[in-house]
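In what follows, a single structure is set out as structure tokens and then discussed.
Atoms considered below: every heavy atom in the structure, side chains included; atoms not considered: hydrogens, waters and symmetry mates. Atoms within each ligand, like the ligands themselves, are counted from 1 in listed order. Computed from a prediction, not measured in an experiment: that's the story for all the values here.
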Amino acid sequence: MALEVPPEESNRCVRGCCRSAAIPLHLPAASFSLLSPIARGSESTVYEARLGGERAAAKKPVLSTSDDLDKFHYQLQLLCKLDHPGLAKLIAAHARPPNYLMFFEFFEPPNLADKIHVEEWSPSIQQVVNIASYLAKTLQYLQILGIVHRDIKPANILLDKDLLPRLADFGLAMYQKDIKSISVENWKSSGKPTGGFYKKNMVGTLIYMAPEILRKDLHTEKSDVYSFAISVNELLTGVVPYTDLRAEAQAHTVLEMTYTEQQLTSAVVSQGLRPALALPESGSPPSFLSLIQRCWDPDPKQRPSFEDIIQELNVIQKHLVTYSCPPPSRSVNMSQNGNAEVHHYQEALNWFNQGELFTKKANKLEHTVNPWSDYFDQSSVSMYCPTLSWGSFATCGRRETMEDTHFMLPCMSEEKDVHSFGIFDGHRGAAAAEFSVRAVPGFLKQFGHTSPTDALVEAFMKSDTAFREELIIHQKSKRIIQKDWHPGCTAVTALIVRNKLFVANAGDCRAILSRAGKPFPMTRDHVASCAKERERVIKEGTEVRWQIDTWRVGAAALQVTRSIGDDDLKPAVTALPEIIETDLSTDDEFLVMASDGLWDVVGNEDVLSIIRDTVKEPGMCSKRLATEAASRGSKDNITVIVVFLRPVSTAERIY
Ligand SMILES: Nc1ncnc2c1ncn2[C@@H]1O[C@H](COP(=O)(O)OP(=O)(O)OP(=O)(O)O)[C@@H](O)[C@H]1O
Ligand SMILES: [Mn+2]
Ligand SMILES: [Mn+2]
């Protein structure tokens, strides 16, 4: 049932200052009923209401002084002028004594603040960017009308069915022209923590206030830009601003003292304190993080406008779409099908192709047909010969994008006794992992005339340099817009030559052998929490700091200490692999290689016993391990390769 709107001349508030042609301003009492309260604020109570048979939200302000009444009329006038899909729309009002009420479109709770902190919703990067972009468009609409909102925070952002943001609470909104000077006192009176989430001694809205406001300067749309950035970062980190601070000196002081408003104010104003920015490892593109930082610049003039923000977010959105999840297990058997399978990954820059091209470009002449064929003494007839079967499984897991890649290159030589398998776990995008999955095996083949160890070292080092050079070329040619983008990947590669197994590792992927029924590690994790690695990185001139929960390397706060790519952290975060070599014997049942998505939640012993309980088919075993990791709560991409090293009996295969 539609609400009837009286003719415009008579559709006015009691004072006559608020008018509308579309929104009824003095509803008959019988047309609405207030149900239960949704929220009780310092200045109003919001009720769920029925209005003309529809659900609505009714905001009933606390009106104790004539000043409050003036504000009500100001707000109503302003709301009558607004119509935008990003707003919680005013649908009716009752602007006559004794009942002053505003009715809004109803949005199912929770609001964005409760969604993050009560429901503990952790949105994907795409969702965060979408919300930010939508919100920026709404704020640009307000800015064009000359309106500043002045109370942007997650508690004032409602969510529609599609989880798109609807900006609410125009209690502090003003026309820019009406703003003379706003004192901190005005702000405080409106501030209210949402639920019990803010630290007791912290005033709600204070944490979203730009330094110039805290200094009692004028509020401009750039102050809204600041609050926008604080809110977006809160969404990205899931952390209420300033309740979790990095181990920086200034932050320490604030943490250890009782957090008073004045102290926070002065830290924000004079020391440039800001909430902890999301880590690049969370998967946030560096360009997104840099945008947030520029939006909370101390100087309002340096902050981008909403128009700039919208444009930058557009580019980021496009980039995120390009790196969406490729179908799992796509790269399986690529050695046999060659280029045929490459095309599934359509994008401006195909890093798979780039990696493959590079190895061809680098060495057209010499391509070892039978790598390592004469490296081993042919005469030893009694030499043990493992019988291989292999399989893999790769999944995005809970992540939106797939940044793991892997290759399986069984029987890489004609003599059928040379095999190679590799996993690459990308960070800061999938580019390095996609490049390396082609480059590493490509280079490996070329070094068949050297020792397997040298070949592995060369393959890693060459892939690393080639990738970083390629990235720079594309940055120069403007095919990549982001200057500060330094993707990388960890890498593990196994090379089996007859009875010898070599595993090269850089980073935190892992390979273990099941040897005589016990796990036999073939890799060591290269992470900053390992003292030896930490010392090495520091010696190479890059800083390692304890941040949030662990040791992290450099400004990028990387947890791994070796990788391919990560140009900004070279040479400390080296691509030089650590190689472990062993002779295979009848004791060796199988080899398991996986990205850290598995090892984070499933230990070495568990991996062995899970395989023992699974049908002896390597693909099934891989899938079982990945599924187990997902069910144990792994938040990462998961890639598993299982290689059986002994003939698997039919009986074992079935049971
Ligand atoms: N249209 C709506 N639909 C559903 N819930 C709403 C709606 N409008 C407001 N709410 C809920 O009521 C809460 C308070 O609303 P609002 O922010 O407008 O009131 P306020 O008194 O100005 O609050 P504050 O003290 O934050 O200034 C919101 O955080 C939201 O949870
Ligand atoms: Mn509010
Ligand atoms: Mn308010």
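More than 12 non-hydrogen atoms from other residues, nucleotides or ligands lie less than 6.0 angstrom from CD of Gln293. Annotation: Glu119, atom CD; neighbour count of heavy atoms from other residues, nucleotides and ligands within 6.0 Å is above 12.
Heavy-atom proximity to atom 13 (C) of ligand 1, evaluated over Ala39, Ala168, Pro37, is greatest for Ala39.
At a heavy-atom distance under 4.0 Å, only side-chain atoms of Asn111, from C-beta outward, approach ligand 1. At a 4.0 Å heavy-atom cut-off, ligand 1 does not touch Leu172 at all. With a heavy-atom cut-off of 4.0 Å, Asp114 does not touch ligand 1 at all. At a 4.0 Å heavy-atom cut-off, ligand 1 touches Ala57 through the side chain alone. At a 4.0 Å heavy-atom cut-off, ligand 1 touches Lys59 through the side chain alone.
The distance from ligand 1 to the heavy atoms of Val46 drops below 4.0 Å at these ligand atoms: 9 (C), 10 (N), 12 (O), 14 (C), 15 (O). The contact set between ligand 1 and Phe104, taken as ligand atoms under 4.0 Å from a residue heavy atom, comprises 1 (N). Every atom of ligand 1 with a heavy atom of Ser44 under 4.0 Å away is listed here by number and element: 19 (O), 20 (P), 21 (O). Atoms of ligand 1 lying under 4.0 Å from at least one heavy atom of Glu105, given by number and element, are 1 (N), 2 (C), 3 (N).
The minimum heavy-atom distance between Arg166 and Ala88, with the atom names listed, is CB-N, 4.1 Å. Nearest heavy atom pair, residue Pro275 against residue Asn233, reads CB-ND2, 4.1 Å.
Using a 3.5 Å distance cut-off with no hydrogens or angles, the side chains of Asp178 and Tyr74 do pair a donor with an acceptor. Side-chain polar atoms of His219 and Asp224 form a donor-acceptor pair below 3.5 angstrom. For the residue pair Asp308/Ser305, the side-chain donor-acceptor check at 3.5 Å is satisfied. In this model, a donor atom of one side chain and an acceptor atom of the other lie less than 3.5 Å apart for Glu234 and Tyr208.
Aromatic pair His94/Tyr100: ring centres not closer than 6.0 Å.
The shell of residues lying under 4.0 angstrom from ligand 1, judged by heavy atoms, includes Lys153. At least one heavy atom of Ala155 sits under 4.0 Å from some atom of ligand 1.
In terms of polar-atom proximity, defined here as any N/O pair under 3.5 Å, Phe107 does make such a contact with ligand 1.
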